[in-house]
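Here the structure is a predicted model, which means the values were calculated and not measured. Order of listing sets the numbers, starting from 1, for every ligand and every atom in it.
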Amino acid sequence: MKIERDLHMMKGDGEYSYAKNSMIQRRAVLATRPILQKAVREVCRDLHPQLMVIADLGCSSGKNTLLFVSEVLNTICESPTSTLNKEESPMEVQFFLNDLHGNDFNHVFQSLEQLEQSTRQECACRGLQPPPYYVAGLPGSFYARLFPCSSVHLFHSSMSVTWLSQVPEHLGCLNEGNVHVGATTQPAVARLYQDQFEKDFSRFLHMRCREIVAGGRMVLTLVGRKREDVFDAGRTTKIFELLSQGLRTLVSEGRLEKEKLDSFNIPVYCPSTEELKQLVQQNGLLHITDIHLFEMDGSPTDESPESAGAAVAAAQAAGESMSATLRASTEPLIVSHFVESILEDLFALFARNFTSYIESEDEQSGIFVITMSLEAKH
Ligand SMILES: C[S@@+](CC[C@H](N)C(=O)[O-])C[C@H]1O[C@@H](n2cnc3c(N)ncnc32)[C@H](O)[C@@H]1O
């Protein structure tokens, strides 16, 4: 598996597309809105740029990408410092939307017209005018340099830096029967995941520190853990356990080779707040201004059941919906490692197993999300 070639969210706006199956990620953008708004206001107030350069790293495609852009524009609209003074022209904004080369940038570009209309309307309702802005797509890995030195005022990344640059080095077939850190994973394997994250996140910060202007801001949101125990990332751990369980079923039915399952590992890591703080401290060039842990509702839709019968149907719908959500993020990796013909059965198994989990658990853990606002000290 080569991440830069094989990883992308499902394209377009079909049944299993990321655009249609990213409600959980959307909740993260909505929950962290006040932190983003504060960072935008601080850049306007403290740096007063004539051209504000903003980058969204791991933007994917669909409503969440546009939600970020419109949120920033609305905040700038309301910011009293977005014009230098009455004689001077208003601040201009340049957005760079970054993702890996396989991302559906066409889908993003096609949605820009809709963004323009809604932004103009929203600002007009409040008697305001959006700043002149320009949007460009920027393909490439955020584990490499993306921008010239000291050129970006605000970096944003939501639910993306959780993806590692590669499957942890030396993992091979050591994580038998699991696709992630699961109940039967050896502690040494969990350590390999931790080491890879430390290396990747440090590199990510190092690259951004070269690119950010002095006093610039970074708002990073990651799927994380509440506890230090690396084996317990709440519902995220459960979701990967259930995916492993589905693959083990296909192995037991003779539809997949065991070696194929043993050598498949999802390159995602969920850090704790402490781990993130330590890595930022080690970097030494950034100052944490805010850090929060949220427990988000882990259900893939917003509907809640009203009766016992409805609860059964809702559990089934939740299974299908979570299956589509997981498929929208992992199908390209699964197809590149296994064969496409297992997809339907694998995700049907996952949906059933997830429904049983919803029905059997009284107390269900949510998805833990950590958001940090950082300021460049240099
Ligand atoms: C779960 S999606 C989140 C998308 C969007 N920010 C949102 O909130 O809905 C994660 C995105 O990060 C991208 N990504 C993962 N690793 C990356 C890397 N090394 N460089 C750039 N983008 C990456 C993936 O391709 C994917 O589009």
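- Numbered from 1 in the order shown, with element, the atoms of ligand 1 that lie under 4.0 Å from a heavy atom of Leu7 read 15 (C), 16 (N).
- Distance from atom 19 (N) of ligand 1 to its nearest protein heavy atom, with residue and atom name: Ser141 OG, 3.1 Å.
- In this comparison of Trp163, Phe142, Phe68, the heavy atom closest to atom 17 (C) of ligand 1 sits on Phe142.
- Here the heavy atom of the protein found nearest to atom 8 (O) of ligand 1 is Ser158 O, 3.5 Å.
- Ligand-side atoms of ligand 1 in range of Ser60: 4 (C), 27 (O), range being under 4.0 angstrom from any heavy atom.
- Near Tyr143, meaning under 4.0 Å from one of its heavy atoms, ligand 1 places the atoms 19 (N).
- Remark: minimum distance from atom 11 (C) of ligand 1 to any protein heavy atom is reached at Ser160 OG, 3.4 Å.
- When only modelled atom types and interatomic distance are considered, Thr185 and Asn175 share a side-chain donor-acceptor pair under 3.5 Å.
- Under 3.5 Å, the side chains of Glu92 and Gln50 contain no donor-acceptor pair of N or O atoms.
- Taking the six-membered ring where tryptophan is involved, the planes of Phe294 and His292 are tilted, since the angle between them lies from 30° to 60°.
- Of all the atoms in ligand 1, the ones that sit under 4.0 Å from a non-hydrogen atom of Met9 are 2 (S), 26 (C), 27 (O).
- Within the listing of ligand 1, atoms 21 (C) sit less than 4.0 angstrom from a heavy atom of Asn98.
- Not a single heavy atom of Ser165 sits closer than 4.0 Å to an atom of ligand 1.
- Aromatic pair Phe147/Phe96: ring centres closer than 6.0 Å.
- Annotation: the span from Thr273 atom OG1 to Gln278 atom CD amounts to 11.5 Å, rounded to 0.5 Å.
- The shortest separation from a heavy atom of Gly102 to ligand 1 is not under 4.0 Å, leaving the residue out of contact.
- Atoms of ligand 1 lying under 4.0 Å from any heavy atom of Gly140, numbered from 1 in the order shown and given with element: 20 (N), 21 (C).
- In this structure, atom 1 (C) of ligand 1 lies nearest to the protein heavy atom Met159 O, 3.4 Å.
- Checked by atom type, the side-chain pair Gln110/Asn106 shows no donor-acceptor distance below 3.5 Å.
- Proximity annotation for atom 27 (O) of ligand 1: of Val161, Thr65, Asp99, Asp99 comes nearest, heavy atoms only.
- Only the backbone of Cys59 comes within 4.0 Å of ligand 1, judged by heavy-atom distances.
- Between Phe338 and Phe264, the gap from one ring centroid to the other is short of 6.0 Å.
- Taking the six-membered ring for Trp and the full ring otherwise, Phe95 and Tyr134 have centroids separated by 6.0 Å or more.
- Looking at ligand 1, you'll find an N or O of Asn64 within less than 3.5 Å of one of its N or O atoms.
- For His8 and Tyr18, the distance between ring centers is not under 6.0 angstrom.
- A donor atom on one side chain and an acceptor atom on the other are not found under 3.5 Å apart for Thr32 and Thr371.
- Follow the hydrophobic side-chain contacts under 4.5 Å out from Val29 and you never reach Met9; the two are in separate clusters.
- Under 4.0 angstrom from ligand 1, there are no non-hydrogen atoms of Asp56.
- For Tyr18, the heavy-atom gap to ligand 1 drops under 4.0 angstrom.
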